[in-house]
There are 2 protein chains.
Amino acid sequence: MANPLPRDPIADAQRNWERSGWGNTAAPMAAITAIMRTQQILLARIENVLKPFGLTFARYELLALLSFARTGALPMNKASALLQVHPTSVTNAVDRLEKSGLVVRSPHPTDGRTTLVELTTEGRTMAKRATAALNNEVFSQSGFADDDVEHLIRIFGSFRRRAGDFNDVDDLSTR
Amino acid sequence: MANPLPRDPIADAQRNWERSGWGNTAAPMAAITAIMRTQQILLARIENVLKPFGLTFARYELLALLSFARTGALPMNKASALLQVHPTSVTNAVDRLEKSGLVVRSPHPTDGRTTLVELTTEGRTMAKRATAALNNEVFSQSGFADDDVEHLIRIFGSFRRRAGDFNDVDDLSTR
DNA sequence: TCCAAACCCTTGGATGTCCTAGTATATTGC
DNA sequence: GCAATATACTAGGACATCCAAGGGTTTGGA
């Protein structure tokens, strides 16, 4: 990890924006830049925890998704939709997970176009272990206050819905 | 863009987490996953706006950084530190920007190890144009309410400081 | 019935990020 | 003053993401 900078580079950028006549968009610019940087920091922490398992975050997400599927299997296109990544990214992840013996591909029983990805026994075990590690080493000490976590879930939930990610109006806080 | 899902996959994941005995970390997990997805959406929007300019976000960030430097030039290691990316990522970006004629490399006047990256006239023009496009097409319609933008800047500012990004306690709201 | 359109997955290519290692230059300490 | 250590940049490799294009399978309308 590099040494801390003396000043916040994003706050500096915000000032530069304002000084250049973009005062009305300086704040959203700063917020978006902060999201980018935060994502980078969090992803690095996650990858660091997953490395001993021989997993990356992309592959872990697929394992976790499969572990919550009723039968431990999903069509590739379904996984792509739920993970919200390009189909080729799923192909890539499945290739590597299959080489590691954590998932297997099988033909869809009724649709010849579709391929199912299924968790192996080792895959299910790996998903459990990796999940425990992530919860214990990352999520339980995220660095966000409880209130802020709720803020983030709400703000980004609205954002993602408006961005076209999903249609429902489900609100966990009302359960 | 894919069609919207009927349900929010992150809210579903949060429920699965709770059902599996990870109730205490389900919320931070959901918040972090939402940050990842939001970053992906925003990056796609930004790349989309920059594409006509032949720029990517990584290259744009370097151009913007240089455009705010007093002399339009910075040592590579300085750029790496301020952009908070690996030195090799800067090398990569400079290689491509140099091929496009937007920046030039030059030796540091007193330190033989250091290379300066400097904006060309075309580079400065490009930075201005791309910045205007991003402000008009992305930042001015970020999809976040003004209040939420302030929340995000505050929350992620604290997070980044605690993560070791920078040392100051600068708070824009007190200016 | 049958062919065009739609859908599913994969291959190949472009980019970005990081890590590791190697080369060159500066700085430090004895 | 010189060797050891630190610093700066780059080359090569592993992965991830997306896009474009191609081949196989289904579906749907004439």
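Letters A, B, ... mirror the listed sequences (proteins, then strands); counts begin at 1.
Applying a 4.0 Å cut-off to non-hydrogen atoms, the residues of residues 52-84 of chain B that approach DNA chain C are B/Thr56, B/Ala58, B/Arg59, listed by residue number. Looking at residues 87-116 of chain A, you'll see A/Thr88, A/Ser89, A/Asn92, A/Arg96, A/Thr110, A/Asp111, A/Gly112, A/Arg113 sit with a heavy atom under 4.0 Å from some atom of DNA chain D.
Within the 3.5 Å criterion, the main-chain N or O of B/Ala44 finds no donor-acceptor partner in the side chain of B/Asn48. Side-chain N or O atoms of B/Thr33 include one that pairs as donor or acceptor with a backbone N or O of B/Met29 at under 3.5 Å. No side-chain donor-acceptor contact under 3.5 Å links B/Ser89 to the backbone of B/Val85.
Salt-bridge check for B/Asp8 with A/Arg160: passed, with a basic side-chain N closer than 4.0 Å to an acidic carboxylate O.
In this structure, A/Ile41 places its CD1 atom 15 Å from C1' of C/dT17, rounding to the nearest Å. Per the geometry, CZ belonging to A/Arg45 stands 16 Å off P belonging to C/dC18, to the nearest Å.
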Contact list (N/O, under 3.5 angstrom) for nucleotides 1-3 of chain C vs protein:
none

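Among the atoms of the strands shown, only primed sugar atoms or phosphate atoms (P, OP1, OP2) are found under 4.0 Å from some heavy atom of A/Gln40.
Here side-chain hydrogen bond (donor to acceptor under 3.5 Å, both in side chains) pairs that include residues 95-104 of chain B, with residues two or more places apart or in two chains, are B/Asn92-B/Arg96, B/Asp95-B/Arg105, B/Glu98-B/Arg105. Counting only residues at least two apart or in different chains, salt bridge (Lys or Arg N to Asp or Glu O under 4.0 Å) contacts with residues 43-63 of chain A are absent. Pairs of residues two or more places apart, or lying in two chains, never qualify as side-chain hydrogen bond (donor to acceptor under 3.5 Å, both in side chains) while including a residue from residues 69-80 of chain A. The side-chain hydrogen bond (donor to acceptor under 3.5 Å, both in side chains) contacts involving residues 115-125 of chain A comprise A/Thr120-A/Glu122, where partners must be two or more places apart or lie in separate chains.
For B/Arg113, the salt bridge (charged side-chain N to carboxylate O under 4.0 Å, His left out) partners are B/Asp111, not counting sequence neighbours. Looking at residues two or more places apart in sequence or on another chain, you find no ring-ring contact (aromatic ring centres under 6.0 Å, His included) involving A/Phe57. Not counting sequence neighbours, the partners of B/Gln84 by the side chain to side chain donor-acceptor pair (under 3.5 Å) test are B/Asp165. The ring-ring contact (aromatic ring centres under 6.0 Å, His included) search around A/Phe53 returns none, not counting sequence neighbours.
Residue whose closest nucleotide on DNA chain D sits further toward the 5' end, between A/Val85 and B/His86: B/His86.
Mapping heavy-atom proximity under 4.0 Å, the span of DNA chain D touched by chain A runs 5' to 3' from D/dC15 to D/dT26.
Relative orientation of the B/Phe159 and A/Phe144 rings is parallel, given thresholds of 30° and 60° on the angle between their planes.
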